[in-house]
Amino acid sequence: GKKRYDREFLLGFQFIAAST
Amino acid sequence: SETVTPAQYLKHPLQNRWALWYFKNDKTKGWTENLRLIAKFDTVEDFWALYNHIQQPSKLLFGCDYCLFKDGIKPMWEDDKNKKGGRWLMTLNKQQRHNDLDRYWLETLLCLIGEAFDEHSDEVCGAVVNVRPKGDKIAIWTGNCQNREAIVSIGQLYKERLGLSLKALIGYQSHDDTSSKSGSTTKNLFSV
């Protein structure tokens, strides 16, 4: 299926990405 | 010992690979020379790594653009995927550079990479933000200006996501009309 992400899900990763 | 689940180390893949472009208005150079590919990404994590690293649109110099397009589509009218298409255009007033521009652009990016337009997401080619002294612009480009149902649905959802009031109208214009216009305004094929 399509990989759809809502805004809250996406926003939840904003600062996780920087720390990994 | 601690167990690491796959969700903790696997990145979250996007439906599409995206390319972020930057346009700097250097009048000594040609238009295509001024257009530079910054980076491509295809995961949620890599999107944020890039987004967190670059300037917000409100910090760019006048004449600069960011373009986010699906990999393989160049951010220009002439590209095969764009030439029959058009754009939902939002024009911002000067005050909105401080209040709304960065917020609207991020929301636009999230709509694109999250495939927010349901079955019509395939119609989307990309998005552009233009930073201009007279007023900034943000647009979502789609591939076929005849595809009324998809375009109107995208426009309605986009307006909702931006939190625009029902009274605020945005218009959709074909690239053909935009590129051949003689005055400063292009007729809207659709508006929502």
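Chain naming here is simple, since letters A, B, ... match the order of the sequence lines and numbering starts at 1 in each.
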query: Do you reckon Leu37(B) sits in the same ILVMFWY cluster as Tyr22(B), going by side-chain contacts under 4.5 Å, direct or chained?
result: no

- prompt: Taking a hydrophobic cluster as the set of Ile, Leu, Val, Met, Phe, Trp and Tyr residues connected by side-chain heavy atoms closer than 4.5 Å, whether directly or through intermediates, do Trp141(B) and Leu109(B) fall within one such cluster?
  reply: no

[X] atom [atom1]: more than 12 heavy-atom contacts under 6.0 Å:
X: Glu149(B); atom1: CD; answer: no
X: Lys84(B); atom1: NZ; answer: no
X: Lys81(B); atom1: NZ; answer: no
X: Arg103(B); atom1: CZ; answer: yes
X: His98(B); atom1: NE2; answer: yes

What closest approach, in Å, do [X] and [Y] show between heavy atoms, and which atom pair accounts for it?
X: Leu10(A); Y: Leu110(B); answer: CD1-O, 3.6 Å
X: Glu115(B); Y: Lys2(A); answer: OE1-NZ, 4.4 Å
X: Phe9(A); Y: His12(B); answer: CZ-CD2, 3.7 Å

message: Using heavy-atom distances under 4.5 Å, tell me whether Asp118(B) contacts chain A through its side chain, its backbone, both, or neither.
response: both

message: Determine whether a donor-acceptor pair (N or O, by modelled atom type, separation under 3.5 Å) exists between the side chain of Asn52(B) and the backbone of Phe15(A).
response: no

Check: Ile113(B) and Tyr5(A) side chains under 4.5 Å, non-hydrogen atoms: no

Side chains of Leu14(B) and Lys3(A) in contact at under 4.5 Å (non-hydrogen atoms): no

message: Just verifying a value: how many Å separate Arg7(A) CZ and Cys111(B) SG, rounded to the nearest 0.5 Å?
response: 9.0 Å

- line: The reported gap from CZ in Phe47(B) to CZ in Phe13(A) (rounded to nearest 0.5 angstrom) is 13.0 Å

